[in-house]
Number of protein chains: 2
Amino acid sequence: MDKLSLGTLGQHLQQLRLEKGLSLSQLAAAAGIAKSNLSRLEQGNGNPTLDTIWRLAVQLNVPFGTLVAPIRVPLGEEGVEVRLLDQGKDTPQVDAYWMRCAPHTTRHAEPHTPGARESLTLISGRLEVGPEGATTTLAAGDTLTFAADRPHLYRTDDAWATLLLTVVYTGEGGTS
Amino acid sequence: MDKLSLGTLGQHLQQLRLEKGLSLSQLAAAAGIAKSNLSRLEQGNGNPTLDTIWRLAVQLNVPFGTLVAPIRVPLGEEGVEVRLLDQGKDTPQVDAYWMRCAPHTTRHAEPHTPGARESLTLISGRLEVGPEGATTTLAAGDTLTFAADRPHLYRTDDAWATLLLTVVYTGEGGTS
DNA sequence: ATAGAACGTTCCTTAAAAGGAACGATGAAA
DNA sequence: TTTCATCGTTCCTTTTAAGGAACGTTCTAT
């Protein structure tokens, strides 16, 4: 059974806060909670109340579950930053990510569930992407959809690449 | 900003519990929390801990936010909520948005600059979208690209729709 | 009826989350 | 330099959510 990880909550909180350019004190004041409270949460300690989470979610302008939902991304590889934007609750299940790749980086991705497809739109930079052996090179504004139930890769040349990425699990929908 | 309503949480809890045919005692035991705790929550009192909500969500097998999200979610003025995710700095310029539309909502959008195109991917729900008079209906996971230099619209039926949207401002410089 | 079991509620206690005021560290302005 | 503001953290106190054991009620079976 799924266990609640307080660490990811803290990471998400801090990440979202920094993206907004807010200091810990500012966010705490804006949300109407104590600094000490927010500090603990970002450190991964504590077990916040619904009221506390709600106030933070409102201030950070994120759908409620986003703060808590664990990032289901292998991530870790250097030069690649991935953010979970949203998780669809319909069938088929759809996960939406924002992704940024450093120059001269190759990310190999494992196959997803059978039938899964990825759609992506390049926001800036250039990116070679697709199933291994059948990749395509995209420029800013281009979109591509490909089968993601085989090993696939993302590769940048000498420029940064930023993109939106959605994974559609057309197979039996998994709940998380 | 929106205030947290504990009443709706209680209603949702009870509704989901009854749908599953569980007694209050059973659910509390299965989730590993005290009966008194669950009883208070269903009555709309109390302010549950993240741990408590999590355990209930797991037992009821609902995505986390569902328990808390009121029937009507924080929406923009016209039932449409839009968040800017990213702005490309390359050529062509690309703006990335996250967008959510309430049921039975129609949003008319003005034409963008000549040559502009929109690409969108539906994360959940259903959406009729496209240039006025030439719309398409999308389901979760579907993607669509259309010319956005004409008046276009987004329309939902009886379901919420969540989607990623990118606007590509294809200037004079043609993309190779 | 009567005993038993399960239901949901209401107390009281206890563990812990939130608030508040320190603290040292850092950075900018006088 | 010195001063002042703000940063994030760490205590300690206060508030309160969660646990536990009653309770009255309802239903079933004996």
Side-chain angles (χ1 to χ4, degrees), chain A residues 1-62 64-70 81 83, chain B residues 1-62 64-70:
Chain A
M1 200 62 78
D2 273 324
K3 189 72 170 45
L4 169 61
S5 164
L6 306 101
T8 51
L9 170 67
Q11 293 170 16
H12 282 191
L13 275 174
Q14 192 170 58
Q15 180 180 336
L16 289 166
R17 173 171 68 81
L18 295 177
E19 283 171 6
K20 288 218 151 204
L22 293 172
S23 73
L24 188 147
S25 308
Q26 286 177 320
L27 176 57
I33 65 175
K35 290 196 301 180
S36 53
N37 194 7
L38 179 55
S39 177
R40 260 173 313 199
L41 294 182
E42 288 196 355
Q43 288 170 18
N45 308 325
N47 177 20
T49 10
L50 178 57
D51 180 72
T52 297
I53 311 173
W54 181 271
R55 294 182 163 194
L56 290 173
V58 168
Q59 284 301 318
L60 294 170
N61 190 31
V62 289
F64 181 83
T66 301
L67 276 184
V68 184
E81 183 187 356
R83 264 181 50 203
Chain B
M1 266 303 181
D2 269 317
K3 189 72 168 48
L4 169 61
S5 164
L6 308 99
T8 50
L9 170 66
Q11 293 170 14
H12 281 194
L13 275 174
Q14 194 169 56
Q15 179 181 335
L16 288 166
R17 173 170 69 82
L18 295 177
E19 282 174 4
K20 289 219 149 204
L22 293 172
S23 74
L24 189 148
S25 308
Q26 286 176 322
L27 176 57
I33 65 175
K35 290 197 300 179
S36 54
N37 192 9
L38 179 54
S39 176
R40 259 172 312 189
L41 294 182
E42 287 196 356
Q43 288 172 21
N45 308 325
N47 176 19
T49 312
L50 179 57
D51 180 72
T52 297
I53 311 173
W54 181 271
R55 299 181 120 133
L56 290 173
V58 168
Q59 284 302 318
L60 294 170
N61 193 29
V62 290
F64 184 84
T66 303
L67 275 184
V68 183

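In what follows, every chain begins at residue 1, and chains take the letters A, B, ... in the order their sequences are listed. For clarity, every value in this text was computed on a predicted model and none was experimentally measured.
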Determine the minimum heavy-atom distance between Leu60(A) and Lys20(A), stating which atoms define it.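 Closest heavy-atom pair between Leu60(A) and Lys20(A): O-CE, 3.6 Å.
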Quick one: [X] [atom1] to [N] [atom2], roughly how many Å, whole number?
X	N	atom1	atom2	answer
Leu38(A)	dG20(C)	CG	P	15 Å
Leu24(B)	dA6(C)	CG	C1'	12 Å
Gln26(B)	dA5(C)	CD	C1'	13 Å
Lys35(A)	dT6(D)	NZ	C1'	8 Å
Glu42(B)	dG8(C)	CD	P	8 Å
Leu22(B)	dG8(C)	CG	P	10 Å
Asn47(B)	dA17(C)	CG	P	12 Å
Ile33(A)	dT16(D)	CD1	P	16 Å

Audit row: Asp51(B), Ile33(B), side-chain contact (heavy atoms from CB on, under 4.5 Å) steps and yes/no: CA-CA 10 Å; Asp51(B) 180 72; Ile33(B) 65 175; 5.7 Å; no
Is [X] close enough to [N] that one of its side-chain N or O atoms is under 4.0 Å from OP1 or OP2 there?
X	N	value
Gln43(A)	dG8(D)	no
Asn37(A)	dG19(C)	yes
Thr49(A)	dA17(C)	no
Ser36(A)	dT10(D)	no
Arg17(A)	dG8(D)	yes
Ser25(B)	dA6(C)	no

Using modelled atom types and a 3.5 Å cut-off, is there a donor and acceptor pairing between side-chain atoms of Arg17(A) and backbone atoms of Leu22(A)?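 Yes; judged by distance alone, with no hydrogens or angles, the pair exists.
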Any donor-acceptor pair under 3.5 Å linking the side chain of Arg55(A) with the backbone of Gly32(A)?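 Yes, because the side chain of Arg55(A) sits within donor-acceptor range (under 3.5 Å) of the backbone of Gly32(A).
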Select base, sugar-phosphate, or nothing to describe what Gln14(A) touches, counting heavy atoms under 4.0 Å on all strands.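 Counting heavy atoms under 4.0 Å across all strands, no contact is made by Gln14(A).
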Look at the side chain of Arg40(B) against the base of dA18(D) and say whether a donor-acceptor pair falls under 3.5 Å; ignore hydrogens and angles.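 Answer is yes: a donor-acceptor pair is held.
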Run the side-chain contact (heavy atoms from CB on, under 4.5 Å) test on Leu50(A) and Thr52(B) for me, step by step, so that the C-alpha distance in whole Å, both residues' side-chain angles and the decisive distance to 0.1 Å come before the verdict. CA-CA 10 Å; Leu50(A) 178 57; Thr52(B) 297; over 6 Å; no
